[in-house]
Enquirer: 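Dropping a structure here in structure tokens format, bear with me for questions.
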There are 4 protein chains.
Amino acid sequence: MSEKTKSIPSLVKDPELVKVRRNQIIQAAMDLFVQKGFHKTTTREIARESGIGIGTLYEYIQSKEDVLYLVCDHIHSEVEQKLDEEMTHGRTGRETLVNSIGDFFRIMDQMQDSVLLIYQEMKSLPNEMLHYVLAKEELITSRFERILERGIEDGSLSLQPGYVKLTAHNIVVLGEMWAFRRWALSRHYSLEEYISHQTALVLHEMKSGR
Amino acid sequence: MSEKTKSIPSLVKDPELVKVRRNQIIQAAMDLFVQKGFHKTTTREIARESGIGIGTLYEYIQSKEDVLYLVCDHIHSEVEQKLDEEMTHGRTGRETLVNSIGDFFRIMDQMQDSVLLIYQEMKSLPNEMLHYVLAKEELITSRFERILERGIEDGSLSLQPGYVKLTAHNIVVLGEMWAFRRWALSRHYSLEEYISHQTALVLHEMKSGR
Amino acid sequence: MSEKTKSIPSLVKDPELVKVRRNQIIQAAMDLFVQKGFHKTTTREIARESGIGIGTLYEYIQSKEDVLYLVCDHIHSEVEQKLDEEMTHGRTGRETLVNSIGDFFRIMDQMQDSVLLIYQEMKSLPNEMLHYVLAKEELITSRFERILERGIEDGSLSLQPGYVKLTAHNIVVLGEMWAFRRWALSRHYSLEEYISHQTALVLHEMKSGR
Amino acid sequence: MSEKTKSIPSLVKDPELVKVRRNQIIQAAMDLFVQKGFHKTTTREIARESGIGIGTLYEYIQSKEDVLYLVCDHIHSEVEQKLDEEMTHGRTGRETLVNSIGDFFRIMDQMQDSVLLIYQEMKSLPNEMLHYVLAKEELITSRFERILERGIEDGSLSLQPGYVKLTAHNIVVLGEMWAFRRWALSRHYSLEEYISHQTALVLHEMKSGR
DNA sequence: TATGAATGAGTATTCATTCAT
DNA sequence: GATGAATGAATACTCATTCAT
């Protein structure tokens, strides 16, 4: 499902074991990064929370930034996996879009901490890793582009082709907005209200068939 | 213009001098935070770039977080000041809204570094300071709320009162989006294209009988 | 050939295998110590370069210092072995001395890296091991003592018995000097020039037969 | 007297203070390096023994290698200073040489720990610093070159010009040999015996018509 | 006998903050 | 008010050694 992922070198050779231990590390680090942020989390804390020694931690990564990358990559994979599981197809592109927006927003609601984490800590990644993470972000946007294009093709959505990309970005950002403006929004709107209103907003400009 | 601002204690008593020195500090710190991020900037660097000694720096602040707060507060003030200067009133609420969206988005374009800075470093603020910063953020949103309300009153905008707040947040987030998704958007759209399309998006749902 | 050698305990019982594996270890470690020095070489590197696992390495030694000792001991053995092979006897003690100095200096030339290694890393040996290594160093010196004594006996060299030891040390140090002052000497003198001049120096004070 | 010295950057601006503190550091580090070697000495030990905090230490140096360089440079300066003070001129070049060899060897005797230190730890210096240290070593050798040349000029020493350099190196190495072979030599010879014998050795090959 | 995953004590270095001048 | 030398707690990362398989 994932396009390309930077592989982080490990001193340990058994790939099964690497997968297991790295999952421990990712879970521990994600919790800590959410609570205290990347810079205020120490490698020792990550090790302790992972249930391994600090030396062992460094058998599976090469630097603290590697952990951040692993976490970001995991979050994107989780988003994509959830989208794969839940993204329900409708008969028309328009129906698919409506369903997908709801699905995506609900995922953003579940994963709000992770979304915030990526927004706030991404810039701490070394340049090469940053590119991989941004590429994954764009991958998610492009899912909506494809849905929009399908709707244009089947006539259920009317949108100038030049604005497909922008509309897709709008959908993604409005979804992420629920995560990073929650402090203001959730006082006034429920998730479902939010979804239905924002869906309407997006559809308004694509009135088709009238 | 600013509602409430946490006052940061200074050992220096002369308020004029405090203002002057703190401006030096804010300019230096803003540059550095944009370049390297809050955590990777040292207080020594801030002092040097401010043209004062490290000891002197601590005559005007109490902690490194104070500097971050000062910077965030300054950014919000700058946004507000620019909005005050440029926000052009139209005859109707609708006209005012259209003008304001353009003005705001252009400000976001000029201040993209600052916008990113706030998004990425805000969480490093101590809790109390964070509240002040979020309050200022809401202050900006509420400007759009007021404009929307005026449009509803004068009949130029048709929007359910319950969705004024959400629409105002949408406007602000779509503006900020130009800053933090610039890596993807500016490859495909010019600022003015972006403004006109997003303005249309927002207006679509508020079609009034004119 | 060697007088006394500290035996390093091994968990592996088969003495043939111990000899084989330790040779692998010595060759790898010698290369690494020459390149990077004892302290900057890791046991993992030694194992990798030896073609064995890190666990296996510790079946054949007990500590990193053991490896250093093994290397130092090997170097001395190599010097002695080469001396045995090449040290050509002349008819008189004097002739033997001249031949031997040339042989020894040529060996020092071949083994300059090893000579430097011993000079620079010897002090990292635990006390007991250091004594063994110094004893081996003295063993080499004593070869020249014996030659000198033979020369005195047969009348071909005139030297006060009390200064035999000092002269032998002089010969050895002048040989080693070619290795550790090479950065300065080789710019001005060839090996053979060096040998003939230093031989002359040593012989001058032992003009015999008058 | 000293030719060129690499200047090590310091965060502290007052040059008098830098000199004072660095002397504390050099004395402490020299003791520790002699006792335990460079690699087994920690920066914290250097700080403690210098009577300053670890943070303060790093106000005066940039890395542990800087301390090693400072120490090596200090040792060479001390050698040169002592030579300046004690090197007694005779009426002829030959007399000056005899005096100088004695002076130099006595200095080597006093400074044996330092001499060993340089021989054993020099290779831990970063490349650029190593060059400076080797240049200083050569500076000492060149003192003897100059004396030898004077003796040749005034006819008190007979030596082919091409071998001046080698003879100078011989003198220096025979002096240093008293330091690094002390374990073997001092059991059999007193310092003054050593001096007079080695002086004789050197002079033998330069018998002039008187 | 061979292996390599696990370990944690140990290391150089940084940096926010203080305080005497 | 201004300065910058002094400080030490904190941190990322290393590496010799062990031990279960």
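Just the heavy atoms: all of them, side chains too, but no hydrogens, waters or symmetry mates, feed the values below. Every chain is numbered from 1, with letters handed out A, B, ... down the list of sequences.
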Enquirer: Give the nucleotide from the list dC13(F), dA2(E), dA16(E) with an atom nearest to the side chain of S63(A).
Expert: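 When the side chain of S63(A) is considered, dC13(F) is the closest of dC13(F), dA2(E), dA16(E).
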Enquirer: Looking only at side-chain atoms of Y58(B), point me to the closest of dT18(E), dT18(F), dA12(E).
Expert: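 For the Y58(B) side chain, the nearest candidate turns out to be dT18(E).
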Enquirer: Taking the minimum atom-to-atom distance to the side chain of T43(A), which one of dT17(E), dC15(F), dA12(F) wins?
Expert: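 Of the candidates, dA12(F) comes closest.
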Enquirer: Using a cut-off of strictly less than 4.0 Å, decide whether R21(A) has a side-chain nitrogen or oxygen near OP1 or OP2 of dA5(E).
Expert: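 Indeed not, no polar side-chain atom of R21(A) lies that close.
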Enquirer: When all nucleic acid strands are considered with a 4.0 Å heavy-atom cut-off, which category describes R48(C): base, sugar-phosphate, or nothing?
Expert: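 The residue R48(C) makes no contact with any strand.
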Enquirer: Determine the stems involving DNA chain E; a stem requires 3 or more consecutive pairs of the Watson-Crick or G-U wobble kind, each with both distances below 3.5 Å, and the answer is none if no such run exists.
Expert: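 Stems found: E:2-21 with F:2-21.
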Enquirer: What is the nucleic acid contact for L11(D), judged by heavy atoms within less than 4.0 Å: base, sugar-phosphate only, or nothing?
Expert: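 Contact class for L11(D): sugar-phosphate only.
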Enquirer: Mind listing the closest non-hydrogen atom pair of S10(A) and R22(A) along with its distance?
Expert: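 So the minimum-distance heavy-atom pair works out to CB-NH2, 3.4 Å.
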Enquirer: Mapping L17(B) and H39(C) onto DNA chain F by nearest heavy atom, which one lands closer to the 5' end?
Expert: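 Upstream on the strand: L17(B).
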Enquirer: Spell out yes or no: do the side chain of R44(D) and the base of dT13(E) have one donor N/O and one acceptor N/O closer than 3.5 Å?
Expert: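 Such a pair exists between side chain and base.
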Enquirer: By the 4.0 Å heavy-atom rule, please label T56(A) as base, sugar-phosphate, or nothing.
Expert: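 Since a base atom lies under 4.0 Å of T56(A), the category is base.
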Enquirer: Contact between Q27(A) and M30(A) at the side-chain level, heavy atoms closer than 4.5 Å - yes or no?
Expert: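 A side-chain contact under 4.5 Å exists here.
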Enquirer: Starting the side chain at C-beta, find the nucleotide from dA12(E), dA6(F), dA6(E) nearest to Y60(D).
Expert: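 Of the options given, the side chain of Y60(D) lies nearest dA6(F).
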Enquirer: In this structure, are over 12 heavy atoms from other groups packed under 6.0 Å from K36(C) atom NZ?
Expert: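 Above 12, so yes.
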Enquirer: Looking at L17(C), I8(C), D66(C), which hits side-chain contact (heavy atoms from CB on, under 4.5 Å) with Y60(C)?
Expert: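 Of L17(C), I8(C), D66(C), side-chain contact (heavy atoms from CB on, under 4.5 Å) with Y60(C) is met by L17(C) alone.
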Enquirer: So what does S10(C) hit on the nucleic acid, given a heavy-atom distance under 4.0 Å: a base, only sugar-phosphate, or nothing?
Expert: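 Since no nucleic acid heavy atom lies under 4.0 Å of S10(C), the category is nothing.
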Enquirer: Could you pull out the closest heavy-atom pair between E121(B) and F38(B), with the gap in Å?
Expert: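 Taking every non-hydrogen atom into account, OE2-N, 3.1 Å.
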Enquirer: Which part of the nucleic acid, if any, lies within contact of G55(A), taking any heavy atom under 4.0 Å across all strands shown: a base, the sugar-phosphate backbone alone, or nothing?
Expert: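 If one applies the 4.0 Å heavy-atom cut-off, G55(A) turns out to touch a base.
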Enquirer: With the side chain of I54(D) defined as its heavy atoms from C-beta on, choose the nearest nucleotide among dA5(E), dT3(F), dA9(F).
Expert: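 Selected nucleotide: dA9(F).
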Enquirer: Would you kindly compare E59(A) and V12(D) by the position of their nearest DNA chain F nucleotide and give the one closer to the 5′ end?
Expert: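 Per heavy-atom nearest nucleotide, the more 5' residue is V12(D).
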Enquirer: Are L68(B) and K64(B) side-chain neighbours, meaning at least one heavy-atom pair lies under 4.5 Å?
Expert: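 Not touching, per the 4.5 Å side-chain cut-off.
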